[in-house]
Structures are given as C-alpha cells and as structure tokens.
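Letters go in sequence order (proteins before strands), and every chain restarts at 1.
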2 protein chains.
Amino acid sequence: MEANGTGIDGIKRYLMKEGINPSYQRLKIFEYLQNHRVHPTVDIIYNDLCKHIPTLSKTTIYNTLNLFEQRDIIKSLSIEKNELRYECDLRPHAHFKCKSCGNIFDIWQEFPRMIQQTVDGHRVTEQQLYLKGVCKNCSQDL
Amino acid sequence: MEANGTGIDGIKRYLMKEGINPSYQRLKIFEYLQNHRVHPTVDIIYNDLCKHIPTLSKTTIYNTLNLFEQRDIIKSLSIEKNELRYECDLRPHAHFKCKSCGNIFDIWQEFPRMIQQTVDGHRVTEQQLYLKGVCKNCSQDL
DNA sequence: GTATCTGCAAAACATTTGCAATTCT
DNA sequence: AGAATTGCAAATGTTTTGCAGATAC
C-alpha cells in the first residue's frame, strides 16, 4: 500500500491509517521523501527541510525515519558504505549507483522476482539488488 | 584469480603476485579471511587475531583490508546498516542474512548472472544481491 | 492534565588521519 | 640508512540515547 490522495492531506490520511500520529514534522519528512526520489540521506533531508522548519533537529529525522521503517512505510538502502539512504517507493525494484557522480537510480527493468520463497532452505522475506558502475550521463562526459 | 597453494606460503606468493608486500600482519589477516568464511567485521577479526598477535591494532586491520579491497583481492559487504563485512571469495554469489541469528550465508544457487552490460543506458560493473529472512536453523527452533 | 513528540547535549560506534616508533632489507 | 609498515592517539562522521521542555488532545 502506498500513500495516495493529494498533498499533505493524503499523507495525513496515510499515516493515520498506518497507526502513525501525523505530527507536522512527520508529515513534512514523508512529503519530502515523496517529492525527492533521489534516495536522500538524513543529512540531505535535514539541510533542505530546516530551511522551512528552522527548529527541526536531526534527532527528529532519525526518530521519524526509524519509526517509518519499523512500520514498513519506507525502506532504507545501505548501497554505500557507512551511510543510509531512504525511499518511500515500496514496489520491488533494483538500484544503480554511479561511481562517478554518486547518483542513485531506480532500476525497474530486469529486477529478478523474489527468487523463491526459500533458498538453500532459508526463508527469504526481503531482497535488495545493488548495481554499480558509470551512469549514462557520466559516460558521455568522458 | 584466487589464493592457492598450501597455507601461509601460498598466501605469501599470492600477495606478492598481486604486488602487495606480504608483511606478517597482512599474511595473518588474509589467512584469517580464508579460514573464516562468515564474512567477519573488523571487530571480529581484531578480537580473534589479537589473541595470537598481541601488538595488533585495529588501524592495521582497517589499513590492510582497505589495501586488499583496492587491489581487488577481497570484497566488502554492506548488507547490514553501518557495518562492513569482508570476504575473500571473489566468485560471483549472493548473500543471505538471517534476521534472527544474524549469520550471513553464501548463496550459490540461483544467482542471476550479470544482468546486462548496461541497464537503462548505465554501464554496470558490479552487482550485489542481498537476501534477508530467517535461516533454516532458526526456523526449526521456532 | 496526561500522553506523546521534539530537540538539545552527550554518548556510542565505526572508520580515518597524523605522526612517531618500529621493522625490513 | 632509507623506505615501507605498524600502531597509538586524536579526529571525523553517523546514529543512538537520556532527558527536559514543548505540544497536542
């Protein structure tokens, strides 16, 4: 299930349906993820949002993202060492990270469907496919 | 290419062939990775190795693993947030992390071959497939 | 008025860096 | 001796925790 409806009101309904109290900060953080599909870090979210919410703290962003992830309305990516990135698109897809410009792209084609319910006898519930290389923009710059 | 030959001498030849000065610490760290295929963290390697090499420091382990990775004789895994794990098996395979016991298993079957040279126009040079769930040992304990 | 939420400051970790001491040849 | 390596201490960067004040119903 994903957030739908228009703007803040749709997000508010979505959070309430998921049992999450829709505080101002939580609404704005979720809205930010909806409008910025570049898989931002906490730092990026903070630096952008605190322009409009001067009292915002990073602690609140950490708390909120952890809450959202526990409630399965966002996902975190550990595609790069030592930094977490976030997205609110829950549909299964892969990610490509350009080693030149650092951008992360969603990859919808060729994503292998959940291999099996079980692999080697282990029950699989999540999968992440991370691709790395040089993106098309950086390739033509060379 | 992988390390072969017997024990320390094989590793020494391998490092030298790769242009890496085979110091005692480097030999022992590579040997540790060869003998402990559980994808250990720096901390695990340190705690085990410093029993036999009391003067060993974590800095040396970080330096050495970074050197090995730059020279492409080991790989790092960021399957879990905020911690890197290491392995010396360079053959393409996937990884399964059990959310119950925390163990990481190599998955050799069903690993999708490098999808394409390019995806969405981006040139792919690396891929990692991370699976998560409950391993067979933990499943039967329930 | 009571629960919850926020945000500051400090703590907790993982990793990197600067540099002096050590080792190897 | 000279070059490379090691390891201590300090710095860096990210995330978590404790708690007091603010907010919401």
Could you tell me whether A:E83 and A:R85 make a salt bridge, using a distance below 4.0 angstrom between a side-chain N and a carboxylate O?
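A:R85 and A:E83: salt-bridged.
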Salt bridge or not between A:D89 and A:R37? Use side-chain N to carboxylate O under 4.0 Å.
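Answer for the salt bridge query: yes.
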Glycosidic class, syn or anti, of D:dA3 using a 90° window around 0:
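Anti, angle beyond 90° from zero.
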Find the distance [X]:[atom1] to [N]:[atom2] and express it as a whole number of Å.
| X | N | atom1 | atom2 | result |
| --- | --- | --- | --- | --- |
| B:L56 | D:dT5 | CG | C1' | 13 Å |
| B:L77 | C:dA14 | CG | C1' | 16 Å |
| B:K81 | D:dT14 | NZ | P | 16 Å |
| A:R26 | C:dG7 | CZ | C1' | 14 Å |
| A:E80 | C:dT15 | CD | P | 13 Å |
| B:Y86 | C:dA14 | OH | P | 12 Å |
| B:K28 | D:dT6 | NZ | P | 14 Å |
| B:L84 | C:dT16 | CG | C1' | 13 Å |

Side chains of B:R26 and B:F68: closer than 4.5 Å at any heavy-atom pair?
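A side-chain contact exists here, since the closest heavy-atom pair is under 4.5 Å.
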Could you go through the side-chain contact (heavy atoms from CB on, under 4.5 Å) check for B:I44 and B:T41 one step at a time?
CA-CA 5 Å; B:I44 292 170; B:T41 61; 3.3 Å; yes
Check whether any side-chain N or O of [X] sits under 4.0 Å from OP1 or OP2 of [N], and answer yes or no.
| X | N | answer |
| --- | --- | --- |
| A:N63 | C:dC5 | no |
| B:Y62 | C:dT16 | no |
| A:S23 | D:dA24 | no |
| B:T59 | D:dC8 | no |
| B:Q25 | D:dG7 | yes |

So which one's nearest nucleotide on DNA chain C is more toward 5', B:E83 or B:Y24?
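Its nearest nucleotide lies further toward 5', so the answer is B:E83.
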May I ask you to check whether B:H39 and B:E80 show a side-chain donor-acceptor distance below 3.5 Å?
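Absent: no donor and acceptor within the cut-off.
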Tell me the partner of C:dA12, counting only Watson-Crick (N1-N3 plus N6-O4 or O6-N4) or G-U wobble (N1-O2 and O6-N3) with both under 3.5 Å; none if nothing fits.
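Its partner is D:dT14 (Watson-Crick or G-U wobble, both distances under 3.5 Å).
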D:dT23 pairs with which nucleotide, Watson-Crick or G-U wobble, both distances below 3.5 Å?
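The answer is none; no pair meets the criterion.
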Looking at every strand, decide which applies to A:D43 at a 4.0 Å heavy-atom threshold: base, sugar-phosphate, or nothing.
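Touches nothing.
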Answer with base, sugar-phosphate or nothing: what part of the nucleic acid does A:N21 contact at a heavy-atom distance below 4.0 Å?
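If one applies the 4.0 Å heavy-atom cut-off, A:N21 turns out to touch the sugar-phosphate alone, with no base involved.
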Ignoring the backbone of B:S57, work out which of D:dA4, D:dC8, D:dT15 is nearest its side chain.
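Nearest listed nucleotide: D:dC8.
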Taking only the side-chain heavy atoms of A:T55 (C-beta and beyond), determine which of D:dC8, D:dT14, C:dG7 contains the nearest atom.
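Comparing D:dC8, D:dT14, C:dG7 against the side chain of A:T55, the answer is C:dG7.
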Look at the rings of B:F96 and A:H122 and say which category their plane angle falls in: under 30° parallel, 30 to 60° tilted, over 60° perpendicular.
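Ring orientation of B:F96 relative to A:H122: parallel.
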